[in-house]
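Letters A, B, ... are given to chains in the order of the sequence lines, protein chains preceding strands, and every chain is numbered from 1.
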2 protein chains.
Amino acid sequence: MLEIAILGLLNEQPMHGYELRKQLNGTLGTFRAFSYGSLYPTLRRMKEQGLIAEDESVLEPPLGGRRGKVVYKLTVEGKERFQTLLADDSPGAYDDERFGVRLAFFSQTDATTRLRILEGRRRRVEERRERMRTRLERTRERLDRYTVELQRHGLESVEREARWLSELIDSEHRDRRAGMPDEAASTERPAELEQDDRFSGTGPQDSDTYQ
Amino acid sequence: MLEIAILGLLNEQPMHGYELRKQLNGTLGTFRAFSYGSLYPTLRRMKEQGLIAEDESVLEPPLGGRRGKVVYKLTVEGKERFQTLLADDSPGAYDDERFGVRLAFFSQTDATTRLRILEGRRRRVEERRERMRTRLERTRERLDRYTVELQRHGLESVEREARWLSELIDSEHRDRRAGMPDEAASTERPAELEQDDRFSGTGPQDSDTYQ
DNA sequence: GTTAGCATGTAAGGAGTTACATGATTTT
DNA sequence: AAAATCATGTAACTCCTTACATGCTAAC
């Protein structure tokens, strides 16, 4: 989870740890937050594995041997790894969180992969919807109102997600027919954008005293 | 998480581990599944802590020293612990999952606690909604369409939840005025119900090869 | 000059999963 | 008699959090 998110962000632009965490808790933060206690060890591990490297070109003068900012960039292996993870089709690749992260970096994937992921996710969500429908019908009048409400609200949520996915899929098909065969269909973001603002929000959703 | 769910189920009826897990993955399974690898160790820990005990009245004849079913029931301490957890008001008690579990056992709480929990959750959800709105407005046209879609869908989800919570809260207020001051407002489930069917669904949402 | 935010890390631990191991009972 | 499902458990591991520790830099 953290790994793919880091790869996705660094694939757009080199960054240091602190900034990564800020961006992470913006985009993904809507449904996921990470702490430094997992971020830095993960960066170290990824560096050891050769997925990322220090970006010497942005090297702040390390004046006096001080510990300065460490800006990371993707290596070639890192870029390959990112594409592999994005294209992953194993069961479990369509979990709520895994799907969310992949969607957040969708514009960095080709149209074929996008379509495959969206359809895989839709299949998953539809199965869940059917199971929930069946259960709710079977058990409705035997359950207390709170359990019914919980299940009803849950069911409506997956129904909404299924519709939403279908719209995204339709829109992918339209783009294809309209002749953008396999490159990113996303609106490119203007170049003069200050990156800092892109994702960063008000912070993590739950704890306000992360560190 | 697992602890409160176990307490909630055992508070309704004594049960053995295997059945607990089945029921767990029905009600809660909509948003959460547990494996035996966490269930049994947790049961042992809870027994050591005196929260649950073996229900001797249902003792299957352990013929020949065989390992038979172990039916657990709540102790007095377990019942107290359950009420404490349900009434918990600390930050973090209103997380997605924690709230979900509490709601699933709502009919076992008094009206005052129910209202407090619902309002706490609503506050949390509304804060999140506002943060998401602000971010989406600020960043809308600079983001690629997938990120925008992800955030838009997320925003609509929390908007829906906020409305849903408000309806539940209104309904609690109505019940109060209608003179059911503090006992469970839930429709009591008929006595002849086979418990087994209450929650149990088709199984866990993701992996099909749990064990 | 002090508070807030930038920046990087470590140590301990929590809450679960996966994979394995074992055997009884029920259904086909 | 084979297959499914019931039933209980352990060992290793994953992935993350919390709390702590340290110091720099900008703003008020």
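- Not counting sequence neighbours, the partners of B:E97 by the side-chain hydrogen bond (donor to acceptor under 3.5 Å, both in side chains) test are B:R32.
- At its two ends the helix from C:dG1-D:dC28 to C:dT28-D:dA1 runs along axes set 40° apart, each axis drawn from five pairs and the angle rounded to 10°.
- Dashed line: the shortest gap from a side-chain N or O of A:S38 to OP1 or OP2 of D:dT17 is under 4.0 Å.
- Across C:dT17, C:dA7, C:dC6, the shortest atom-to-atom separation from the side chain of A:K69 is found for C:dA7.
- D:dC24 atom P lies 17 Å from atom NE2 of A:H16, rounded to whole Å.
- OP1 or OP2 of D:dC6 sits under 4.0 Å from a side-chain N or O of B:Y18.
- The distance from atom CZ of A:F34 to atom C1' of D:dT18 is 16 Å, rounded to the nearest whole Å.
- Residues A:R116 and A:D88 are not paired through a salt bridge, judged by the lack of any N-O separation under 4.0 Å between the basic side chain and the carboxylate.
- Rounded to whole Å, the distance from OH on B:Y72 to C1' on D:dG9 is 10 Å.
- For the pair B:M1 CE and D:dC16 P, the computed distance is 18 Å after rounding to whole Å.
- To the nearest angstrom, P of C:dA19 lies 19 Å from OH of B:Y40.
- When the side-chain nitrogen and oxygen atoms of B:Y36 are compared with OP1 and OP2 of D:dG9, none of them lie within a distance under 4.0 Å.
- Here the P atom of nucleotide D:dG9 and the CD atom of B:E19 are 16 Å apart, to the nearest Å.
- For the ring-ring contact (aromatic ring centres under 6.0 Å, His included) test, residues two or more places apart in sequence or in another chain that qualify with B:H153 are A:W164.
- By the salt bridge (charged side-chain N to carboxylate O under 4.0 Å, His left out) test, B:K79 is found to be paired with no residue, residues two or more places apart in sequence or in another chain being considered.
- For B:R123, there are no salt bridge (charged side-chain N to carboxylate O under 4.0 Å, His left out) partners two or more places apart in sequence or in a different chain.
- Side-chain proximity of B:S35 to the nucleotides C:dT17, D:dT17, C:dG9 is greatest for C:dT17.
- A donor atom on one side chain and an acceptor atom on the other are not found under 3.5 Å apart for B:Q49 and B:E77.
- Rounded to whole angstrom, the span from the CZ atom of B:R44 across to the P atom of D:dG9 amounts to 9 Å.
- The CD1 atom of A:I4 sits 18 Å away from the P atom of D:dT14 (whole-angstrom rounding).
- Sequence neighbours left out, the pairs with a member in residues 41-51 of chain A that pass salt bridge (charged side-chain N to carboxylate O under 4.0 Å, His left out) are A:E3-A:R45, A:R44-A:E48, A:K47-A:E54.
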